[in-house]
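Everything on this sheet refers to the single structure shown next.
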Protein chains: 2
Amino acid sequence: MQIALTAAVRCAECPIRHRAVCARCDDDELSLLEGMKTYKTFKAGQPILWRGDDLVFVASVVQGVAALSKTLEDGRTQMVGLLLPSDFIGRPGRGQIDFDVTATTDVTLCCFDRKPFEKLVDDTPHVAHRLMELALDELDAARDWMLLLGRKTAREKIATFIQMFVRRTHTDEQAAGPDQFNMPMTRDQIANYLGLTLETVSRQFNSLKKEGVISFGDRKTFTVVDMAALHNATGDDADGGMID
Amino acid sequence: MQIALTAAVRCAECPIRHRAVCARCDDDELSLLEGMKTYKTFKAGQPILWRGDDLVFVASVVQGVAALSKTLEDGRTQMVGLLLPSDFIGRPGRGQIDFDVTATTDVTLCCFDRKPFEKLVDDTPHVAHRLMELALDELDAARDWMLLLGRKTAREKIATFIQMFVRRTHTDEQAAGPDQFNMPMTRDQIANYLGLTLETVSRQFNSLKKEGVISFGDRKTFTVVDMAALHNATGDDADGGMID
DNA sequence: CGTGCGGTTGATCCCTTTCAAGGATTGTGG
DNA sequence: CCACAATCCTTGAAAGGGATCAACCGCACG
C-alpha cells in the first residue's frame with residue numbers, strides 16, 4: 001500500500017525524515033531543502049539514469065526500490081547496489097555515474113538539482129556529514145556483497161538475501177505478520193543481484209521452502225518460518241556480521 | 001626498491017603528497033598534520049588491524065600493499081579491498097571496522113590518532129572533502145569488483161586484475177620497463193581477491209602466458225606483451241569502464 | 001481464449017573446485 | 001657451501017555445483 005506523495009508533502013512528515021540525507025538537519029536547514037525539492041516518480045522497470053549520463057539531479061528514495069547495475073559487453077549484468085527508502089542517488093563532486101539506475105518497483109524520489117544541492121552541501125555540515133555516513137554505509141554493504149559474490153554458495157546467497165531483506169524491510173514498513181514480507185523483485189532481478197541465474201534462484205527458493213525454512217503464499221509474499229535455520233544457511237557467523 | 005622512511009620525512013616531500021587524504025591541504029593545514037603524524041611499519045604477512053578492533057588510529061598507506069578481507073565461519077575468505085599507496089585506512093565516525101587489515105608486502109603507514117584526527121576533519125573542509133572523494137573512489141572500485149566477482153569468468157578475472165594492477169602501479173612508481181611490473185602478491189592472495197582458488201589462478205596465468213599475452217621472468221615480475229589482447233580478455237567494453 | 005510474462009522443473013554440460021603429487025625457489029643452520 | 005625445510009607454484013585427474021538448454025505451468029490481461 002502506497003501513500004500518495006506529491007510535491008506538497010512537508011519534510012517534517014516525510015517517512016524517511018530521520019534516515020535520509022536530511023536526517024541531521026535542524027528546522028532551518030530543512031526548510032532550505034524543502035524549497036529545493038521536487039518529487040519524481042518512476043514506474044516499475046523504467047530507467048532512472050543511464051551510465052554516462054550527466055547527473056542533473058541527486059535524490060533520496062522515498063518509496064519503492066531502485067537498483068544500480070553494471071553490464072558487460074556481451075550483456076551479462078550484475079546489480080551493484082539496491083536502493084531502498086532513505087538511500088541516496090548521486091554524489092557530490094561527480095557529474096557522471098558509472099552504472100545504470102533502474103526502478104525495480106514503482107519509485108518515488110525526492111530530487112534536488114545537483115548544482116544548488118552541492119552548494120548547499122558545502123554550506124551545511126549536517127548534510128555533508130550525513131552524506132559521508134551514507135557513503136560509508138554503502139561501502140560496508142558493498143563489502144558484505146563482495147564476500148557473498150566471491151565465496152558463498154547459491155544456497156547461502158539466497159539465505160543471505162532473504163535475511164538482509166527482512167532486516168531492512170521490517171524497520172521500514174510495518175510488516176503485515178511477524179516475519180512476513182513482500183518481495184518486490186522478480187527471480188531474474190534477484191539472480192542479477194546475487195550473481196546467479198534465475199533457474200538457480202528458483203531452485204534454491206523452493207529448496208528452502210521444502211525444508212520448512214520459509215514459505216510463500218503468493219509468489220511475492222514470503223514468511224520466514226524458521227529464522228534460526230535461515231541464519232544458519234547464510235554461512236555467516238553468529239552475530240550476522242551486519243552493522244545496524 | 002624501498003625508500004627509507006622515518007618520522008622525520010617532511011610532508012612536502014612525501015611520495016603520496018598529492019593523492020592521499022592531505023592532497024588538498026595548504027601549507028598551514030599540512031603543518032598541522034605534520035605535527036600529528038607518526039610512521040608505523042609492518043612486515044609482509046603481519047596483521048595491521050583485526051575485525052572488531054577498536055580503531056585507535058587512522059592512516060594513509062605510504063609504501064607497500066595492504067589488504068582488507070572478510071572471512072566466513074568455515075574459513076573461506078574474500079578480500080574486499082586492496083590498499084595501495086595513497087589509500088586510506090579507517091573512517092571518521094566509526095570506532096570499529098568490520099574486516100581484517102593485513103600487510104601484503106612490507107608496509108609503511110602514516111598514522112594519526114583517531115580522535116584528534118576526527119577533530120581536525122571537522123575543522124578542515126579540505127580534509128573532509130578529500131576523505132569523501134576517497135570514500136567514493138573506494139565505492140566505485142568496490143562496484144567494479146562486484147561485477148567481476150559476480151559475473152566474470154576466471155580468465156576475465158585474471159585479465160582484469162592484471163590490467164587494474166598495471167594501471168595503478170604505472171603512475172605510482174616509475175616502472176622498470178614499458179609494461180613491466182612487479183606483482184607483490186602470492187597466487188593464494190590473488191585467488192582470495194578474485195574469488196578463485198590458487199590452482200585456477202596459476203592455470204589462468206600460464207594460459208595467458210602460453211597465448212603470448214603476458215610473460216614473466218621471475219615469478220613475481222610480469223610483462224604485458226599484448227596490451228590490446230589483455231584488455232580483450234577482460235570482458236569489459238572498449239573504454240575500460242574505469243574512472244581515472 | 002489466446003498471448004505474454006514470470007516461474008518451475010528436468011536433463012545435460014562445462015568450468016571451476018577439489019584432491020593429489022611433484023617441482024622450483026628461498027632461507028637457514030650446520 | 002651444501003642439506004634440508006618451508007613456501008610457493010605448477011600440473012594432472014576427478015568431482016561437483018551451477019549454467020545452459022528446453023519444456024511446461026499458471027496467472028493476468030487484452
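On a predicted model such as this, the values are computed, not experimentally measured, just so you know. Hydrogens, waters and symmetry mates are skipped; everything else that's a heavy atom, side chains included, is used. Reminder, nothing fancy here: chain letters follow the sequence lines and each chain counts from 1.
The distance between atom CZ of B/Arg187 and atom P of C/dG23, rounded to the nearest whole Å, is 19 Å. Computed from coordinates, the A/Asn206 CG to C/dG10 P distance equals 10 Å when rounded to whole Å. What separates NZ of A/Lys220 from P of C/dT8 is a distance of 11 Å, to the nearest Å. When rounded to the nearest whole Å, the span between CD1 of A/Ile158 and P of C/dG7 equals 12 Å. One interatomic measurement links the two molecules: CG of A/Asp218 to C1' of C/dG6, which rounds to 12 Å at whole-angstrom precision. In this structure, A/Met183 atom CE and C/dG6 atom C1' are separated by 15 Å, rounded to whole Å. For the pair A/Arg151 CZ and C/dT16 P, the interatomic distance rounds to 13 Å; values are reported in whole Å. The distance between atom NZ of A/Lys209 and atom C1' of C/dG7, rounded to the nearest whole Å, is 12 Å.
Ring centers of A/Phe165 and A/Phe222: at least 6.0 Å apart, outside the cut-off.
Between A/Glu138 and B/Arg143 there is a salt bridge, with a side-chain nitrogen of the basic residue lying less than 4.0 Å from a carboxylate oxygen of the acidic one. Ion pairing between a basic and an acidic side chain is recognised when a charged N comes within 4.0 Å of a carboxylate O; B/Asp74 and A/Arg151 show no such pairing. For B/Asp137 and A/Arg94, the salt-bridge test passes: some basic side-chain N is under 4.0 Å from an acidic carboxylate O. With salt bridges taken as basic N to acidic carboxylate O contacts below 4.0 Å, none links A/Lys152 and A/Asp144.
Counting any heavy atom pair closer than 4.0 Å across all strands shown, B/Leu196 reaches sugar-phosphate atoms only and no base atom. Using a 4.0 Å heavy-atom distance criterion, B/Gly45 is classed as making no nucleic acid contact.
DNA chain D is contacted by no residue of residues 71-81 of chain A, taking any non-hydrogen atom closer than 4.0 Å.
Under 3.5 Å, the side chain of A/Arg155 and the base of D/dG17 form no donor-acceptor pair of N or O atoms. In terms of polar N and O atoms assigned as donor or acceptor, the side chain of A/Glu199 comes within less than 3.5 Å of the base of D/dC21 in a complementary pairing. Donor-acceptor pairing under 3.5 Å, judged by distance alone, is present between the side chain of A/Arg203 and the base of D/dT20.
The side chain of B/Ala154 has C/dT16 as its nearest neighbour among C/dT16, C/dG6, D/dT11. Considering only side-chain atoms of A/Gln204, the nucleotide from D/dC9, C/dT8, D/dG18 that sits closest is D/dG18. Nearest to the side chain of B/Thr186, among D/dC8, C/dT8, C/dG7, sits D/dC8.
Note on A/Thr200: a side-chain N or O is less than 4.0 Å away from OP1 or OP2 of D/dA19. Not one side-chain nitrogen or oxygen of A/Thr197 sits closer than 4.0 Å to the OP1 or OP2 atom of D/dG18.
Only one option out of A/Asp98, A/Asp100, A/Thr77 pairs with A/Lys70 in a side-chain hydrogen bond (donor to acceptor under 3.5 Å, both in side chains); it is A/Asp98.
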Task: Steps toward side chain to side chain donor-acceptor pair (under 3.5 Å) verdict (B/Glu211, B/Ser207) - done: CA-CA 6 Å; B/Glu211 295 170 33; B/Ser207 155; 3.2 Å; yes
- [ ] Determine, step by step, whether A/Thr200 and A/Gln204 satisfy the side chain to side chain donor-acceptor pair (under 3.5 Å) criterion, reporting the C-alpha distance in whole Å, the side-chain angles of both residues, the deciding distance to 0.1 Å, and the verdict.
- [x] CA-CA 6 Å; A/Thr200 302; A/Gln204 295 298 333; over 6 Å; no
